[in-house]
Number of protein chains: 2
Amino acid sequence: MTDVKTPINPLFLREEELRQGIELLFFAYRDFTAEPDAILAEYGYGRAHHRVIYFVGRNPGMTVSDLLTILRITKQSLSRVLGQLVEEGFITQRPGTVDRRQRLLELTEKGTELERQLTERQRARFAAAYRDAGAEAVEGFRKVMLGLIDEADRPRFPQRGPGWR
Amino acid sequence: MTDVKTPINPLFLREEELRQGIELLFFAYRDFTAEPDAILAEYGYGRAHHRVIYFVGRNPGMTVSDLLTILRITKQSLSRVLGQLVEEGFITQRPGTVDRRQRLLELTEKGTELERQLTERQRARFAAAYRDAGAEAVEGFRKVMLGLIDEADRPRFPQRGPGWR
DNA sequence: TCTTTACGTCAGTCATGTTGACATATATCG
DNA sequence: CGATATATGTCAACATGACTGACGTAAAGA
């Protein structure tokens with residue numbers, strides 16, 4: 001059977017390929033978030049808290065505005081989540097030196113520890129997927145994912161120059 | 001500067017690569033869902049409705065159990081969403097022929113139309129990303145994404161044999 | 001017949017998003 | 001300096017979509 005040349009409708013193939021992409025994204029995101037969600041639940045937190053902790057950990061000293069731009073939620077939504085994290089000692093705020101209206105955000109030691117615990121599982125998932133797929137596949141993954149992201153946010157992922165790999 | 005051999009810490013590179021993966025997934029999912037969300041809001045629906053409509057459209061005649069397994073939510077959560085879609089004429093239920101306890105789900109014509117409208121934007125996004133990235137990158141994307149998905153669900157994405165491409 | 005399965009429903013709770021209005025401190029511009 | 005804009009926060013009300021727990025019905029299967 002494997003040798004039989006089946007008549008192929010290229011439009012059907014394309015449709016199938018696109019739908020598989022949609023589903024890959026759905027399933028990957030579903031499974032990618034499940035493990036941290038379980039940990040967060042122990043703290044009485046949710047996915048929103050993880051996002052805040054993640055991005056503050058990644059960009060120490062970032063402003064509230066920066067965070068709002070990344071998360072694309074309202075300041076009221078962020079406020080509740082961020083307020084809890086500050087109150088419970090995971091994040092600190094300090095006024096900006098150049099613009100004192102700003103509150104620069106940073107993880108505390110406790111926050112760093114939680115961030116590590118949460119993101120560890122996700123890093124492990126990526127590490128396994130990257131390892132199994134190989135370097136070339138990772139480059140392709142990166143290209144396609146960048147193409148899915150709104151153009152405005154692509155510069156967040158700088159080109160890897162000759163120093164890379 | 002480009003020729004300068006900078007001392008590279010491979011552990012740092014790996015960490016950076018993994019974090020970029022995490023962020024690519026976050027941003028891609030954020031942008032991938034934004035457009036359909038806006039359309040859904042016009043109907044008073046949310047993302048949960050889209051997921052139901054999508055998977056029923058993709059697997060006509062699927063059971064409620066099938067859907068629960070895919071979505072990984074409780075039957076109570078699904079019930080509300082599915083109930084609305086049935087009531088408002090987007091989905092039909094008919095008893096299974098072999099097992100009459102089952103309710104086999106299908107899109108109505110109206111449901112098919114909404115599905116098309118919603119998924120169209122997402123297909124377009126993938127089509128553009130695939131086109132810009134090239135066939136080889138798409139294959140890499142597929143490999144990495146499959147590696148991110150729980151093993152149990154990987155068989156949902158059958159290998160493309162010699163008939164493909 | 002008894003048990004399990006597929007599906008549904010009622011009731012309550014929580015996390016996370018929204019809009020709208022208003023407040024305060026600081027920066028910036030004319 | 002005074003007016004205006006910006007960064008941030010807060011209160012209130014509401015919607016969505018998840019959850020748990022309990023209970024119910026019809027059909028399948030041992």
Side-chain angles (χ1 to χ4, degrees), chain A residues 26 29-30 33-34 36-56 61-88 91-106 118, chain B residues 26 29-30 33-34 36-56 61-88 91-105:
Chain A
F26 167 76
Y29 199 78
R30 185 198 66 176
T33 48
D37 281 358
I39 299 172
L40 288 156
E42 295 169 21
Y43 290 78
Y45 288 158
R47 206 172 287 180
H49 299 85
H50 187 189
R51 293 198 276 253
V52 170
I53 287 177
Y54 179 87
F55 283 108
V56 171
M62 78 189 305
T63 67
V64 173
S65 286
D66 292 341
L67 203 43
L68 285 173
T69 304
I70 287 178
L71 299 177
R72 294 224 188 130
I73 59 175
T74 59
K75 62 177 177 176
Q76 294 92 327
S77 295
L78 174 58
S79 175
R80 190 177 13 197
V81 170
L82 182 55
Q84 287 175 299
L85 291 171
V86 169
E87 176 139 359
E88 293 167 40
I91 288 182
T92 55
Q93 297 176 312
R94 60 179 165 83
T97 47
V98 41
D99 185 337
R100 287 180 315 185
R101 292 171 303 178
Q102 297 177 332
R103 312 269 176 108
L104 309 187
L105 306 173
E106 264 170 37
L118 290 171
Chain B
F26 167 77
Y29 199 78
R30 185 199 66 177
T33 49
D37 281 358
I39 298 172
L40 287 156
E42 294 169 21
Y43 290 79
Y45 288 159
R47 205 173 286 180
H49 299 85
H50 188 190
R51 292 199 276 254
V52 170
I53 288 178
Y54 179 87
F55 284 107
V56 171
M62 79 189 305
T63 66
V64 174
S65 286
D66 291 341
L67 202 43
L68 286 174
T69 304
I70 287 179
L71 300 178
R72 294 223 188 130
I73 58 175
T74 59
K75 62 179 178 175
Q76 294 91 327
S77 295
L78 174 58
S79 173
R80 189 178 14 190
V81 170
L82 182 56
Q84 286 176 300
L85 292 170
V86 169
E87 177 141 356
E88 293 167 39
I91 288 182
T92 55
Q93 297 175 313
R94 60 180 165 82
T97 47
V98 43
D99 184 339
R100 287 180 315 184
R101 291 171 303 179
Q102 298 177 333
R103 313 265 177 108
L104 308 187
L105 306 173

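Lettering follows sequence order; numbering is per chain, from 1. The model shown is predicted, which means the values in this text are computed figures rather than measured ones.
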Between [atom1] on residue [X] and [atom2] on residue [Y], distance to nearest 0.5 Å:
X: Arg103(A); Y: Leu67(A); atom1: CZ; atom2: CG; value: 14.0 Å
X: Leu105(A); Y: Met62(A); atom1: CG; atom2: CE; value: 7.0 Å
X: Lys75(A); Y: Leu68(A); atom1: NZ; atom2: CG; value: 9.0 Å

Within the structure, does a side-chain N or O atom of Ser79(A) lie under 4.0 Å from either OP1 or OP2 of dT10(D)?
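True: Ser79(A) side-chain N/O within range (under 4.0 Å) of dT10(D) OP1/OP2.
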OP1 or OP2 of dG8(C) less than 4.0 angstrom from a side-chain nitrogen or oxygen of Gln93(B), does that happen here?
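True: Gln93(B) side-chain N/O within range (under 4.0 Å) of dG8(C) OP1/OP2.
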Length of the line joining [X]:[atom1] and [N]:[atom2], which is rounded to integer Å:
X: Ile91(A); N: dG9(D); atom1: CD1; atom2: P; value: 11 Å
X: Leu71(A); N: dT8(D); atom1: CG; atom2: P; value: 13 Å
X: Asp66(A); N: dT6(D); atom1: CG; atom2: P; value: 16 Å
X: Leu68(B); N: dA18(D); atom1: CG; atom2: P; value: 11 Å
X: Met62(A); N: dT8(D); atom1: CE; atom2: C1'; value: 15 Å
X: Leu82(B); N: dA6(C); atom1: CG; atom2: P; value: 16 Å

Within the distance-only criterion (no hydrogens, no angle test), does the side chain of Arg47(B) pair as donor or acceptor with the backbone N or O of Pro36(B) below 3.5 angstrom?
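The answer is no, because no donor-acceptor pair under 3.5 Å joins these two groups.
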Between Thr69(B) and Ser65(B), is there a donor-acceptor pair closer than 3.5 Å when you use the side chain of the first and the backbone of the second?
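Checking the backbone N and O of Ser65(B) against the side chain of Thr69(B), a donor-acceptor pair under 3.5 Å is found.
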Contact state string [nucleotides 24-30 of chain C, B base, S sugar-phosphate only, - no protein heavy atom under 4.0 Å]
-BBS---
Under a 4.0 Å heavy-atom criterion, the protein footprint on nucleotides 14-20 of chain C, written with B, S and -, is -SBBBBB
Starting at the 5' end of DNA chain C, write a dot or bracket for each base, bracketing those in Watson-Crick or G-U wobble pairs whose two distances are under 3.5 Å and using | for partners on another strand.
||||||||||||||||||||||||||||||
So, Tyr45(B) and Glu88(B): side-chain donor and acceptor under 3.5 Å apart, yes or no?
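The answer is yes; a qualifying pair exists.
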Does a side chain donor of either Asp66(A) or Thr63(A) reach within less than 3.5 Å of an acceptor in the other side chain?
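Result is yes, a qualifying pair exists.
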Determine, stepwise, if the pair Tyr29(A) / Phe26(B) fulfils ring-ring contact (aromatic ring centres under 6.0 Å, His included).
CA-CA 8 Å; Tyr29(A) 199 78; Phe26(B) 167 77; 7.8 Å; no
Considering non-hydrogen atoms only, spot the tightest contact between [X] and [Y] and give its length.
X: Arg30(A); Y: Leu71(B); result: CD-O, 4.4 Å
X: His49(A); Y: Leu40(A); result: CB-CD2, 4.4 Å
X: Leu104(A); Y: Gly61(A); result: CD2-O, 3.5 Å

